[in-house]
There are 2 protein chains.
Amino acid sequence: MTTADKAKKAAPGAADKPAKPMPRPLTRIQREKQDIILDAALDIFSVHGFRGATIDQIAEAAGMSKPNLLYYFPRKEEIHKRLIAEMLDIWLAPLREFSADGDPVPEIRSYIRRKLEMSRDFPRQSRLFANEMLQGAPRTIDMLAGDLKQLVDEKVKILETWMDQGKITRTDPYHLIFSIWATTQHYADFDAQVRAVLGPERGGDGRFEDAARFLENLFLHGLLPKKA
Amino acid sequence: MTTADKAKKAAPGAADKPAKPMPRPLTRIQREKQDIILDAALDIFSVHGFRGATIDQIAEAAGMSKPNLLYYFPRKEEIHKRLIAEMLDIWLAPLREFSADGDPVPEIRSYIRRKLEMSRDFPRQSRLFANEMLQGAPRTIDMLAGDLKQLVDEKVKILETWMDQGKITRTDPYHLIFSIWATTQHYADFDAQVRAVLGPERGGDGRFEDAARFLENLFLHGLLPKKA
DNA sequence: CAGAAATTTGACCAGTTGGAAAAAATGTTA
DNA sequence: TAACATTTTTTCCAACTGGTCAAATTTCTG
């Protein structure tokens with residue numbers, strides 16, 4: 001039975017021609033397989049980008065045949081769209097939490113920590129995002145110029161208030177946010193480089209703690225020693 | 001015997017069968033067309049990555065037919081390899097210039113400026129590099145763990161000396177370098193996002209000057225106001 | 001300008017790509 | 001367990017992919 005058949009059950013004579021598709025609930029198998037596919041696709045898309053990834057590759061990573069995969073996601077783009085949407089949610093969460101209530105120092109510090117944790121715990125999503133940006137954000141530009149810009153503008157106001165109150169140095173709040181994004185995401189997106197440069201000893205799991213300590217210090221105090 | 005010696009006209013009867021191919025100098029057309037191809041390829045590779053880019057695409061961007069392009073670069077990989085090599089040279093130049101001679105403040109400041117200028121003047125190269133990193137640096141990992149690591153280790157020593165002398169705050173020099181890379185390259189790699197968030201008024205050419213001012217301030221002083 | 005060398009074109013190829021269709025197999029539920 | 005829906009496999013396709021090759025054309029050199 002296809003979704004299109006749903007109309008036949010309706011009351012006889014009741015004119016529900018313009019009835020909505022009314023998606024039926026997913027079966028257990030659908031839920032499971034979709035998750036497997038999305039996970040495999042994230043592996044591939046985050047490394048090769050949209051064009052560079054192939055359905056065959058994803059299907060193999062998901063342990064199923066290509067037509068079987070296409071049964072769950074009829075188009076390659078569908079998979080990508082879903083992943084992008086999921087990723088944006090994850091990506092934005094830390095910024096949404098950024099609050100005017102707390103004091104600047106703990107607030108900024110914990111924002112940095114959360115973003116760094118994202119790089120540690122969701123590196124594939126970070127790379128998917130980076131890939132999308134490198135391509136000029138063809139599938140997200142509307143969202144960036146809409147929701148994201150609005151959210152950033154809002155948080156910028158908080159930062160400006162703190163600056164007005166002399167709680168933090170007066171500086172460009174937009175570029176401040178960019179620099180937090182850049183420094184934290186670097187550990188996911190440029191992981192290969194970070195590890196290569198740090199070498200085996202310092203490039204292990206501890207690198208995130210080192211980075212957190214360093215970034216906290218950088219953002220709060222900078223490099224110049226405070227005059228006594 | 002040096003390789004150059006083999007080129008000279010040997011004695012008439014001298015058996016030089018195992019002579020190397022001895023590449024003949026490039027013609028004018030070869031130089032011109034290769035440049036056009038490399039430029040077009042940089043456009044495509046920097047956006048779509050190696051797998052996502054096609055020879056047809058590059059050929060069209062270069063304004064020539066695919067077989068014609070293949071006459072100059074018999075393999076897709078050749079083009080990519082050349083671009084990567086060129087890019088690494090550009091990418092490393094600012095770090096090479098980083099010197100122990102000057103004082104920390106102007107030295108660090110001008111390193112940041114140079115890296116930011118790279119993002120402004122060579123954004124495609126920066127994106128090519130980013131693409132390569134996102135893929136796990138398959139074609140550059142040796143170079144990263146070799147030349148780059150060595151160079152970084154060397155510059156780290158300079159930073160440590162300055163820290164020993166109390167000229168700059170004691171902090172993790174590796175992560176300091178990472179954060180300079182991250183913040184400056186962000187303006188090339190995430191250009192789409194930067195422009196979207198800044199909006200039309202602030203996202204114009206001036207954004208690089210704003211970024212330079214902000215970053216200088218961040219790296220030197222951080223966000224906390226100095227105690228009087 | 002003739003001849004040689006360099007360049008460009010068109011026709012072609014085998015493998016890959018995203019995707020369609022239908023049959024076969026498996027699951028679900030009354 | 002029979003009837004039905006869901007899932008999987010098999011087969012297939014047209015467009016695209018990286019690349020070859022010989023013929024035609026253009027450029028260079030004496």
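Given the structure is predicted, the values throughout are model-derived calculations rather than measurements. Heavy-atom basis, side chains included; hydrogens, waters and symmetry copies ignored. Labels below follow one simple rule: chain letters A, B, ... track the order of the sequence lines, proteins then strands, and each chain is numbered from 1.
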A:Gln30 has an atom CD; how far is it from atom C1' of D:dA5, in whole Å?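 Computing the A:Gln30:CD to D:dA5:C1' distance gives 11 Å.
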What residues form a side-chain contact (heavy atoms from CB on, under 4.5 Å) with A:Asn131, not counting sequence neighbours? A:Gln135, B:Asn131, B:Leu134
Contact list please: residues 40-67 of chain B against DNA chain C, heavy atoms, distance less than 4.0 Å, in numerical order. B:Arg51, B:Ser65, B:Pro67
Applying ring pair (Phe, Tyr, Trp, His ring centres under 6.0 Å), can you list everything that pairs with B:Phe219, at least two apart in sequence or on another chain?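 By the ring pair (Phe, Tyr, Trp, His ring centres under 6.0 Å) rule, B:Phe219 matches no residue at all.
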Show me the donor-acceptor pairs within less than 3.5 Å that the side chains of residues 31-44 of chain B make with the rest of the protein, sequence neighbours left out.
{"from": "B:Asp39", "atom 1": "OD1", "to": "B:Arg124", "atom 2": "NH1", "distance (Å)": "3.3"}
{"from": "B:Asp39", "atom 1": "OD1", "to": "B:Arg124", "atom 2": "NH2", "distance (Å)": "3.0"}
{"from": "B:Asp43", "atom 1": "OD1", "to": "B:Arg124", "atom 2": "NH1", "distance (Å)": "2.8"}

Test: B:Lys149 and B:Asp153 ion pair at under 4.0 Å: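 Judged by the 4.0 Å cut-off on N to carboxylate O distance, B:Lys149 and B:Asp153 do form a salt bridge.
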From C-beta outward on B:Lys76, which listed nucleotide comes closest to its side chain: D:dT7, D:dG19, C:dG19? D:dG19
To the nearest angstrom, how far is B:Glu77 atom CD from D:dG19 atom C1'? 14 Å
For a quick test of reading the model: is some side-chain N or O of A:Asn68 closer than 4.0 Å to OP1 or OP2 of D:dT9?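 It does, given that an N or O in the side chain of A:Asn68 lies less than 4.0 Å from OP1 or OP2 of D:dT9.
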Please state how far atom CD in A:Gln34 lies from atom P in D:dT6, giving the value in whole angstrom units. 14 Å
May I ask you to check whether over 12 heavy atoms, not counting those of B:Glu216, lie within 6.0 Å of atom CD?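 It does: B:Glu216 CD has more than 12 such atoms within range.
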List the atom pairs, with distances to 0.1 Å, where a side-chain N or O of residues 81-100 of chain B and a protein N or O form a donor-acceptor pair under 3.5 Å, not counting sequence neighbours.
{"from": "B:Trp91", "atom 1": "NE1", "to": "B:Gln185", "atom 2": "OE1", "distance (Å)": "3.1"}
{"from": "B:Glu97", "atom 1": "OE1", "to": "B:Arg114", "atom 2": "NH1", "distance (Å)": "3.3"}
{"from": "B:Ser99", "atom 1": "OG", "to": "B:Asp101", "atom 2": "N", "distance (Å)": "2.8"}

Using a 3.5 Å cut-off and no angle test, enumerate the donor-acceptor pairs between side-chain atoms of residues 190-202 of chain A and protein atoms at least two apart in sequence or in another chain.
{"from": "A:Asp191", "atom 1": "OD1", "to": "A:Arg195", "atom 2": "NE", "distance (Å)": "3.2"}
{"from": "A:Asp191", "atom 1": "OD1", "to": "A:Arg207", "atom 2": "NH2", "distance (Å)": "2.8"}
{"from": "A:Asp191", "atom 1": "OD2", "to": "A:Arg195", "atom 2": "NE", "distance (Å)": "2.8"}
{"from": "A:Arg202", "atom 1": "NH1", "to": "B:Asp172", "atom 2": "OD2", "distance (Å)": "3.3"}
{"from": "A:Arg202", "atom 1": "NH2", "to": "A:Asp210", "atom 2": "OD2", "distance (Å)": "3.0"}
{"from": "A:Arg202", "atom 1": "NH2", "to": "B:Asp172", "atom 2": "OD2", "distance (Å)": "2.6"}

Rounded to the nearest angstrom, tell me the gap between atom OH in B:Tyr72 and atom C1' in D:dG19. 18 Å
Using the salt bridge (Lys or Arg N to Asp or Glu O under 4.0 Å) rule, collect all pairs that involve residues 128-137 of chain A, keeping only residues at least two apart or in two chains.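 Checked against salt bridge (Lys or Arg N to Asp or Glu O under 4.0 Å) - neighbours excluded - no pair reaches residues 128-137 of chain A.
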Could you state the CZ-P distance from B:Arg31 to C:dA6, rounded to the nearest angstrom? 14 Å
Enumerate the protein-to-nucleotides 24-29 of chain C contacts in which both atoms are nitrogen or oxygen and the separation is below 3.5 Å.
{"from": "C:dT28", "atom 1": "OP1", "to": "A:Arg28", "atom 2": "NH2", "distance (Å)": "2.9"}

Qualifying residues under ring pair (Phe, Tyr, Trp, His ring centres under 6.0 Å), relative to B:His80, sequence neighbours excluded: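 Testing B:His80 for ring pair (Phe, Tyr, Trp, His ring centres under 6.0 Å), a comparison that skips the adjacent residues, returns B:Phe45, B:Phe50.
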A:Leu70 has an atom CG; how far is it from atom C1' of C:dA22, in whole Å?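 Rounded to the whole Å, the gap is 15 Å.
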Out of D:dT8, D:dG19, C:dA6, whichever nucleotide has its closest atom nearest the side chain of B:Tyr71: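 For B:Tyr71, the side-chain atoms sit closest to C:dA6.
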Any A:Arg75 side-chain N or O less than 4.0 Å from OP1/OP2 of C:dG19: yes
